[in-house]
Amino acid sequence: MFGMIKNSLFGNTEETEYKLLSSETKDGVSFEVRRYDAAKYAAVSSEGRTFDQVTGELVRKLLMYIGGSNEQGEAMGTAAPIIITVYPRNDGVLSRRLVVGIRIPTIYQQSPPTPTDSAIRIEERPGMTVYALQFGGFAGESEYRAEALRLTRTLGETAPFQRKQYFCCSYDPPLKPYGRRNEVWFLREEP
């Protein structure tokens, strides 16, 4: 536990790099189109509990893993953002299934430390292009849903994006009181 706290407070935070394809504004809403390369992520999933009930627990598991709770005892530094994959129902409410992931820091991409928590898996995620909408404040399910709806309306019905899932991203530690950065990402469908 101390390793996780020390790592998140004093460790280096590596923000996932991307290529900015465009910055756009429609109807007063600004968003970006970004390209992310393939990378290895530590991920943990949950079914049966709501977003707000389970995200803190799952994020802690990942922070403990990158903070040194792994077979090698390696404190890897922190990475941002934490990416929560959600699966909305037709009415916009999130299903009780989600996956929380954090990109393995670059120095460990070739050979990530082995998790000691069997719930954590290391997965290779393909490169992706996303529509990204940034917003501030503390974000839970209702805030992410509201921003996802705003991005959906902004992009319109004809935009080529995945509607069966989207990503809720958080860049800041839970104790940061202001200047917080959150994003909603929609996966652009490639032609």
Please check if any side-chain donor atom of [X] sits under 3.5 Å from a side-chain acceptor atom of [Y], or the reverse.
X: Glu24; Y: Ser30; result: no
X: Thr50; Y: Gln53; result: yes
X: Tyr171; Y: Glu183; result: yes

Decide if the gap between the ring center of Phe167 and the ring center of Tyr144 is smaller than 6.0 angstrom.
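Between Tyr144 and Phe167, which both carry aromatic rings, the centre distance is not below 6.0 Å.
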
Given the side-chain rings of Tyr131 and Phe186, with only the six-membered ring counted for Trp, is the space between their centroids under 6.0 Å?
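Ring centroids of Tyr131 and Phe186 are no less than 6.0 Å from each other.
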
Run the salt-bridge test on [X] and [Y] with the 4.0 Å N-O cut-off and return the result as yes or no.
X: Glu17; Y: Arg35; value: no
X: Glu123; Y: Arg125; value: yes
X: Glu57; Y: Arg60; value: no

Search all heavy atoms of Gly140 against all heavy atoms of Phe51 and return the closest pair with its distance.
C-CE2, 3.9 Å

So, for Arg163 and Glu157, which heavy atoms are closest and what is the spacing to 0.1 Å?
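Smallest heavy-atom distance, with atoms named: NH2-O, 3.2 Å.
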
Trp185 and ring-ring contact (aromatic ring centres under 6.0 Å, His included): which single residue from Tyr36, Phe31, Tyr18 fits?
Tyr36

Is the backbone of Val29 close enough, under 3.5 Å, to the side chain of Thr154 for a donor and an acceptor to pair up by distance?
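Not at all, since once roles are kept as given, no pair shorter than 3.5 Å links the two residues.
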
Looking at CG of Asn70 and OG1 of Thr116, how far apart are the two atoms once the value is rounded to the nearest 0.5 Å?
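Going from the CG atom of Asn70 to the OG1 atom of Thr116 covers 6.5 Å.
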
